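Below is one structure, written out as structure tokens; the observations come after it.
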Amino acid sequence: MEIGFLGLGIMGKAISVNLLRHGFKVTVWNRTLSKCGELVELGASVEETPAAVVKKCQYTIAMLSDPSAALSVVFDKGGVLEQISSGKGYIDMSTVDADTASKISEAILAKGGQFLEAPVSGSKKPAEDGQLVILAAGNEALYKEVIPAFNVIGKKSFYLGQVGNGAKMKLVVNMIMGSMMNAFSEGLVLADRSGLEPQVLLDVLDLGGIANPMFKLKGPTMIGRSYPPAFPLKHQQKDMRLALALGDENAVSMPIAAAANEAFKKARSMGLGDLDFSAVHETLEALKPPH
Ligand SMILES: NC(=O)C1=CN([C@@H]2O[C@H](COP(=O)(O)OP(=O)(O)OC[C@H]3O[C@@H](n4cnc5c(N)ncnc54)[C@H](OP(=O)(O)O)[C@@H]3O)[C@@H](O)[C@H]2O)C=CC1
Ligand SMILES: O=CC(=O)O
């Protein structure tokens with residue numbers, strides 16, 4: 001199966017490499033074209049525009065930073081819409097809101113193409129290992145056609161029905177994750193400031209009912225105040241913002257998510273947006289050196 005791939009950031013690169021390793025032919029494009037070099041060394045082809053990728057491939061996957069990037073790659077000059085047509089499928093794995101997914105879907109359908117939104121849960125390492133959770137919605141026939149690729153990309157795919165449901169599910173999951181990260185961070189500081197050993201807190205948490213892979217993975221680096229980006233903080237804040245907007249639309253009060261969003265915004269204002277989202281830890285006053 002020949003797959004086009006648009007967007008070679010942390011996730012797009014890991015997914016494309018994984019597809020190549022499993023024998024898929026992959027043609028890539030990235031806004032900063034120089035980032036395609038590493039993929040070419042691994043056997044990928046490269047094209048100079050999203051339109052050229054879509055022209056070449058029956059199926060094209062996108063993995064882009066946010067709604068504005070996802071829209072730009074479809075609608076701008078040299079974009080997906082210029083070449084999408086009957087018999088071609090476009091699969092957007094970016095985390096966006098339901099309105100953005102619907103706008104893209106309508107435009108692709110108007111040109112005779114097929115559309116699937118397929119945001120993913122899981123970060124850099126699960127992407128490298130083909131262990132993502134895929135939250136697909138839209139054209140069910142296209143979903144079935146691309147299952148061989150989804151089986152390589154993820155450990156489980158969900159088909160969630162109409163376009164928008166994938167985006168909503170992803171935003172709900174990341175709203176919970178962002179809130180958890182803030183509670184975890186406060187707990188690490190509280191343990192430290194009250195005279196406990198944070199590493200022992202991690203051991204206790206890991207044996208109890210709230211043990212989870214995120215605490216296990218991020219805890220040690222947070223204690224060391226090191227935040228190499230797996231999931232950039234600016235994207236987590238974007239997801240909190242979009243989840244809060246979904247809450248507004250549905251009159252769902254989310255005070256905990258709102259507070260978490262403020263913490264991520266504060267982290268961005270401190271210049272931490274490109275670090276891992278666990279860097280929200282640095283916003284806590286207690287971590288700052290005394291004056
Ligand atoms: N990292 C993670 O753990 C996870 C991320 N996600 C989601 O996946 C998506 C990608 O995340 P990630 O790979 O981490 O992000 P990165 O910031 O590493 O990569 C973003 C990608 O989007 C491209 N891009 C940004 N703006 C534009 C634009 N205006 N036009 C065209 N391309 C653009 C970038 O191109 P360029 O190289 O030129 O800047 C790059 O290829 C996001 O929606 C994120 O929320 C979902 C699950 C996990
Ligand atoms: O969107 C991020 C993730 O870890 O999932």
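Because only heavy atoms are used, hydrogens play no part in the values below, and waters and symmetry mates are left out as well, while side chains stay in. Residue numbers count from 1 along this sequence. For ligands, and for the atoms within them, numbers begin at 1 and follow the listed sequence. It should be emphasised that the depicted structure is a prediction, and the values quoted were computed from it without experimental measurement.
In terms of polar-atom proximity, defined here as any N/O pair under 3.5 Å, Ile10 does make such a contact with ligand 1. In terms of N/O distances under 3.5 Å, ligand 1 is approached by Leu8. Any N or O atom pair closer than 3.5 Å counts here, and Ser65 shares at least one such pair with ligand 1. Between Arg31 and ligand 1, an N or O atom pair is found at a separation short of 3.5 Å. For ligand 1, none of its N or O atoms has an N or O atom of Ser68 under 3.5 Å away. Of the N or O atoms in Gly122, one or more lie within a sub-3.5 Å distance of an N or O in ligand 2. Where the criterion is an N or O separation shorter than 3.5 Å, residue side chain and backbone included, Leu64 meets it with respect to ligand 1. Polar contact with ligand 2: present for Lys170 (N/O pair, distance under 3.5 Å). When only interatomic distances are considered, the shortest N/O to N/O separation between Val73 and ligand 1 does not fall below 3.5 Å. The N/O atoms of Asp66, backbone and side chain alike, include none that comes under 3.5 Å of an N/O atom in ligand 1. When only interatomic distances are considered, the shortest N/O to N/O separation between Ala69 and ligand 1 does not fall below 3.5 Å. The shortest N or O to N or O distance between Lys170 and ligand 1 is not below 3.5 Å.
Gln199 and Asp203 share a donor-acceptor pair across their side chains, judged by distance under 3.5 Å alone. Side-chain contact, Asn18 with Glu128: no donor N or O sits under 3.5 Å from an acceptor N or O. Looking only at atom types and distance, the side chain of Tyr59 has a donor-acceptor partner in the side chain of Glu145 under 3.5 Å away. Side-chain contact of Asn212 with Lys216: a donor-acceptor pair under 3.5 Å is absent, judged by distance alone. The closest side-chain donor-acceptor pair between Lys266 and Thr283, if any, does not fall under 3.5 angstrom.
Relative ring orientation between Tyr143 and Tyr159 is described as tilted, the plane-to-plane angle lying within the 30° to 60° band.
For atom 14 (O) of ligand 1, the nearest non-hydrogen atom of the protein is Pro232 CD, 3.6 Å. Among protein heavy atoms, the minimum distance from atom 8 (O) of ligand 1 is reached at Met63 SD, 3.4 Å. With hydrogens left out, the protein atom closest to atom 19 (O) of ligand 1 is Gly9 CA, 3.3 Å, a heavy atom. The protein atom (non-hydrogen) at minimum distance from atom 15 (O) of ligand 1 is His235 NE2, 3.1 Å. From the protein, the heavy atom lying nearest to atom 13 (O) of ligand 1 is Met11 N, 2.8 Å. Remark: minimum distance from atom 7 (C) of ligand 1 to any protein heavy atom is reached at Thr95 OG1, 3.5 Å.
Only the side chain of Lys238 comes within 4.0 Å of ligand 1, counting heavy atoms alone; its backbone N, CA, C and O stay farther away. Within the 4.0 Å heavy-atom criterion, neither part of His235 lies near ligand 2. Heavy atoms of Val173 found under 4.0 angstrom from ligand 2: none, in either backbone or side chain. At a 4.0 Å heavy-atom cut-off, ligand 2 does not touch Gln236 at all.
Around atom CD of Glu2, more than 12 heavy atoms belonging to other residues, nucleotides or ligands sit under 6.0 Å away. The environment of NZ in Lys88 is crowded: more than 12 heavy-atom neighbours from other residues, nucleotides or ligands sit within 6.0 Å. Enclosure of atom CD in Glu48 is not indicated, since only 12 or fewer non-hydrogen atoms of other residues, nucleotides or ligands lie within 6.0 angstrom.
Remark: ligand 1 atoms within the under-4.0 Å shell around heavy atoms of Gly7 are 41 (O). Within ligand 1, counting atoms from 1 as listed, the ones closer than 4.0 Å to a heavy atom of Ala230 are 1 (N), 2 (C), 3 (O). Ligand-side atoms of ligand 2 in range of Phe231: 1 (O), 2 (C), range being under 4.0 angstrom from any heavy atom. Within ligand 1, counting atoms from 1 as listed, the ones closer than 4.0 Å to a heavy atom of Lys35 are 36 (P), 37 (O), 39 (O). Of all atoms in ligand 1, listed by their number and element, those nearer than 4.0 Å to a heavy atom of Ser123 are 2 (C), 3 (O). Of all atoms in ligand 1, numbered sequentially from 1 with element shown, those under 4.0 Å from a heavy atom of Asn30 are 35 (O), 36 (P), 37 (O), 38 (O), 40 (C), 41 (O). When each atom of ligand 1 is checked for a heavy atom of Thr32 under 4.0 Å away, the hits are 36 (P), 37 (O), 38 (O).
For Gly122, the closest heavy-atom approach to ligand 1 falls below 4.0 Å. Every heavy atom of Gln236 sits 4.0 Å or more from the atoms of ligand 1.
For the pair Asp66 (side chain) and Ala69 (backbone), a donor-acceptor distance under 3.5 Å is present. Listed for the Ser194 side chain is a donor-acceptor partner under 3.5 Å among the backbone atoms of Leu190.
Looking at Lys125 and Asp129, a side-chain N of the basic residue comes within less than 4.0 Å of a carboxylate O on the acidic one, giving a salt bridge.
Just one residue in the list Glu282, Lys218, His281 forms a side chain to side chain donor-acceptor pair (under 3.5 Å) with Tyr227, and that residue is Glu282.
Hydrophobic clustering of Ile, Leu, Val, Met, Phe, Trp and Tyr side chains at less than 4.5 Å, counting indirect connections, keeps Leu284 apart from Met222.
Using a 4.5 Å heavy-atom threshold, the side chains of Glu47 and Lys56 count as touching. Counting heavy atoms from C-beta on, the side chains of Phe231 and Met177 come closer than 4.5 Å.
Summarising the geometry, atom CG belonging to Asp92 is positioned 11.5 Å from atom OG1 belonging to Thr60; distances are rounded to the nearest 0.5 Å.
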Inset, instruction - Let me see the working for Lys168 and Asp97 under salt bridge (Lys or Arg N to Asp or Glu O under 4.0 Å), right down to the final yes or no. - result: CA-CA 7 Å; Lys168 290 177 192 171; Asp97 55 309; over 6 Å; no

